[in-house]
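So that the names make sense, note that chain A is the first sequence line, chain B the second, and so on, each numbered from 1.
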Amino acid sequence: MRSSWADLAANSAAENAPTPPPSAAAAVANNAANTRPVYVPPHLRNRGPSAPAPAAPAFDNSGSRWAPPPRNDYRGGGGGRGGGGYGNRGGGGWDRREANPFADQDDSEEPVTQEEQENTGINFDAYEDIPVETSGGNVPPPVNTFAEIDLGEALNQNIRRCKYVKPTPVQRHAIPISLGGRDLMACAQTGSGKTAAFCFPIISGIMTGQPAQRPPRGVRTVCPLALVLSPTRELSMQIHEEARKFSYQTGVRVVVAYGGAPINQQLRELERGVDILVATPGRLVDLLERARVSLSMIRYLALDEADRMLDMGFEPQIRKIVEQMDMPPAGVRQTMLFSATFPKEIQRLASDFLSNYIFLAVGRVGSSTDLIDQRVEYVQESDKRSHLMDLLHAQRANGVQGKQALTLVFVETKKGADALEHWLCLNNFPATTIHGDRSQQEREAALRSFKSGNTPILVATDVAARGLDIPHVAHVVNFDLPNDIDDYVHRIGRTGRAGKKGLATAFFNENNTSMARSLQDLMQEANQEVPAWLSRFAARSSFGGGKNRRSGGGRFGGRDFRREGSFSRGGSDYHGAGNSGGGYGASGGYGGGGYGGGYAGNSAGPGVTSAWD
DNA sequence: AAAAAAG
């Protein structure tokens, strides 16, 4: 598929003239007469007439099936509205024009108004005074602007189209680390732009890196250069949509594959070429076993919600994909793990997939205090429905134009989700539900309907707990509390995103006593008001410690497990040994004492644990 | 024990 880039380059060199790509021999000859490098990075391939003519590629495969006809996705100026030709994704068969992922947005060149920024952008004021913790050797310093990083003009333009003005904290730190070629384990807040944090370096790396060799002879096997895995289908879809925006007109192709949807369409997309494959594990294993995908060329591996991907349910599949197929080993490929939460048992498992990695935890002080208002109410099992009804009524009263604010209600079981949805509808609350017993079509329809406000109440199992970015979720209700505090963190993280405020209400009763202590600790750390009755439950249940207890007092949602043992446990002074200056150059390495935490000198109170993506 | 992920 590299050759399709080559064709593009050739095409571009000919100023978009409809001439066939040069033969390999011609390419070589041309190159011999020309000292320019043979490889043309994708960000140069869509250049307009003013761009210097790139050298012809040395690896042209014209005549083979890997050299499809030249793409015609150059559009004058590159940034304009472009008129027709968009939205032909899925139509047209061999029409290779790239659908405009920004088609549904106002693409005018008007400066972004304050209001717009407020409504659509990220509220960066919410990200001041971020505590940052890094460990590992030679940590690259963070950047403050996208301009400081050379991501290439095409990517920069997409960043502007996305209305990203400056990098979020996780992006400031993670992008230089990734661009530096380092493996990374990153804990980052919910809704703080973590997808971009791993997409930008991957796209940039593919654009500027060496051209890929031709895929092996397996006729229909495709060889992506990057693999992004996520635990749910909807999250994979979302990552794919984001990544498509970031890679628009870069020549980098992103394809998604997940279960529950017809495989044939996904196969067709794969055959058109794939640089970045976004997938759920099951469908990927299927594709690997059918030999439709080979991982032999993988340079970048990203696990989103990495702790989830490595817990009991997923670990075997992930090991199979990463260790037992044909993926290059750690140290050869570059591996990036992202999550809000990273229990140290899982960190230990994860380290199998990493090589000399940097651990990064980025959080903001008092984030939950400012952004997610957490409440816990004591509600008997039998009273939950009527209590929920009260909340919804109160909200409706506050709603704009009688419109219900978006409310996401988490329950424990799929049956429970159906039952609650049914009951809500009976009571004139337009609700829908998403869970694993529904068809993929139903799941996607439910999500759409919720996002659009058509059914402003979504009853969900944990399938919706992680990663999903649903704008304007005003309220997350933990109708049934999860059994794991990390799940709670992810669930409430569906609100209070991109610097906006949110509300989270949990129903607590005797069935949740195992959560009392961890919930109390979490809320305390986030400067939330803890009801006295909850503290009593916590005191009562705390003797055994409890599996939900976060070690060391849990100032951060994540902490490098490699540092365990080099500090006295008990966590009275989590950051005490770190220098609180700007020293990002951690020198410690594994378990060494020389941890240079770049803790952003905050004395305003306890750190944050609340919302980590 | 539940949920998710292949069909």
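Look at CG on A/Leu303: it is 15 Å from C1' on B/dA5, rounded to the nearest Å. If you take NE2 of A/His435 and C1' of B/dA5, they are 16 Å apart, rounded to a whole angstrom. In this entry the distance linking CD of A/Gln440 with C1' of B/dA6 reads 12 Å, nearest Å. Atom P of nucleotide B/dA5 and atom CE of A/Met309 are separated by 10 Å, given to the nearest angstrom. Atom C1' of nucleotide B/dA6 and atom CZ of A/Arg443 are separated by 13 Å, given to the nearest angstrom. Nucleotide B/dA2 holds its C1' atom 15 Å from the CG atom of A/Asp418, rounded to whole Å. The distance from atom CG of A/Leu284 to atom P of B/dA4 is 20 Å, rounded to the nearest whole Å. For A/Asp437 and B/dA5, the CG to C1' distance is 13 Å, given to the nearest whole Å.
Contact annotation: A/Thr280 side-chain N/O to B/dA6 OP1/OP2 distance is under 4.0 Å.
For the side chain to side chain donor-acceptor pair (under 3.5 Å) test, no residue two or more places apart in sequence or in another chain qualifies with A/Ser351. The ring pair (Phe, Tyr, Trp, His ring centres under 6.0 Å) search around A/Phe507 returns A/His387, A/Phe479, not counting sequence neighbours.
Side-chain atoms of A/Lys414 lie closest to B/dA4 of the nucleotides B/dA2, B/dA4, B/dA5. Side-chain atoms of A/Thr461 lie closest to B/dA4 of the nucleotides B/dA1, B/dA6, B/dA4. Counting only heavy atoms from C-beta on, A/Val463 has its side chain closest to B/dA4 among B/dA6, B/dA4, B/dA2. In the set B/dA5, B/dA4, B/dA2, B/dA5 carries the atom at the smallest distance from any side-chain atom of A/Gln317.
Among the heavy atoms of the strands lying under 4.0 Å from A/Gly436 are primed sugar atoms or P, OP1, OP2 only; no base atom is included. The residue A/Arg290 sits apart from the nucleic acid: no heavy atom pair falls under 4.0 Å.
A donor-acceptor contact under 3.5 Å is not formed by the side chain of A/Arg233 with the base of B/dA4.
The nearest pair of heavy atoms linking A/Ala417 to A/His435 is CB-CD2, 3.8 Å.
For the atom pair A/Arg253 CZ and A/Arg244 CZ, the distance stands at 10.0 Å (nearest 0.5 Å).
At a threshold of 4.0 Å, the pair A/Lys414-A/Asp418 does not count as salt-bridged, since none of the basic side-chain nitrogens sits closer than that to a carboxylate oxygen.
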